[in-house]
Amino acid sequence: MSVKLKGINKLKIALKGKTDMKAVKRVVKQNGAGLQAKAQRNAPVGTPASTGIPGYVGGTLKRSIQLEIKDGGLTAEAEAKAEYAPYVEWGTRYMDAQPYMKPAFHAQKEQFKRDMERLVK
């Protein structure tokens, strides 16, 4: 599961001449890292009690959330790589959803907007 923002080309055009692209890349990287950290904090971790498996050590989902910087530093993708990640986020007919990415995205989105607005003023 990943969250992607569209409109990068329009953003590049709008930002050129208004700000230093190094600063934009820094904001993208910082906010991508913030998104990753928030998603990892939100990700549920199984325990021996929750799974019914004695000695169970959870955290695979949390550890699977990785950050990738693309497009020359203008795109940050935080993605949960665990095979079962979408089932946890959205639930199934047998299991309630336990959103971890969407709440992290909505929280980080506001910070990203504020950071970008500071750059273009």
Self-check item: Value rounded to 0.5 Å, distance of NZ in K38 from CD1 in I65
Solution: 13.0 Å
Quiz item: Backbone N or O of G72 within a donor-acceptor pair of the K25 side chain at under 3.5 Å?
Solution: yes
Quiz prompt | Gap separating the NZ atom of K62 from the OG1 atom of T60, nearest 0.5 angstrom | solution = 11.5 Å
Self-check item: Side chain N31, main chain F112, donor-acceptor under 3.5 Å
Solution: yes
Exercise. Check I69 against G73 and note the closest heavy-atom contact, atom names and distance.
Key: CG2-CA, 3.5 Å
Exercise. Determine yes or no for a side-chain-to-main-chain donor-acceptor pair under 3.5 angstrom, with E89 supplying the side chain and M101 the backbone.
Key: yes
Quiz prompt | Smallest separation among heavy atoms of G32 and A76, with atom names | solution = CA-CB, 3.8 Å
Exercise. Kindly work out whether a path of hydrophobic side-chain contacts (I/L/V/M/F/W/Y, heavy atoms less than 4.5 Å apart) joins M116 to L74.
Key: yes
Practice problem: Without swapping roles, check the side chain of Y100 against the backbone of A85 for a donor-acceptor pair under 3.5 Å. | Solution: yes
Practice problem: Kindly work out whether a path of hydrophobic side-chain contacts (I/L/V/M/F/W/Y, heavy atoms less than 4.5 Å apart) joins I53 to V57. | Solution: no
Quiz item: So, K70 and E77, do they make that salt bridge, N to O below 4.0 Å?
Solution: yes
Quiz item: Are Y56 and V45 joined in one hydrophobic group, where the rule is that I, L, V, M, F, W and Y side chains link up if heavy atoms are under 4.5 Å apart?
Solution: no
Self-check item: Interatomic distance, K109 atom NZ to K102 atom NZ [nearest 0.5 angstrom]
Solution: 9.5 Å
Practice problem: State the CG-CZ distance between D115 and R26, to the nearest 0.5 angstrom. | Solution: 10.0 Å
Quiz prompt | 4.5 Å side-chain heavy-atom contact, R114 and R118 | solution = yes
Quiz prompt | From CA spacing to verdict: side-chain contact (heavy atoms from CB on, under 4.5 Å), E110, H106 | solution = CA-CA 7 Å; E110 297 307 317; H106 286 295; over 6 Å; no
Quiz item: Of the non-hydrogen atoms in A80 and L61, which two are nearest, and what is the gap between them?
Solution: CB-CD1, 4.2 Å
Self-check item: Q98 side chain reached by N42 side chain, heavy atoms, under 4.5 Å
Solution: no
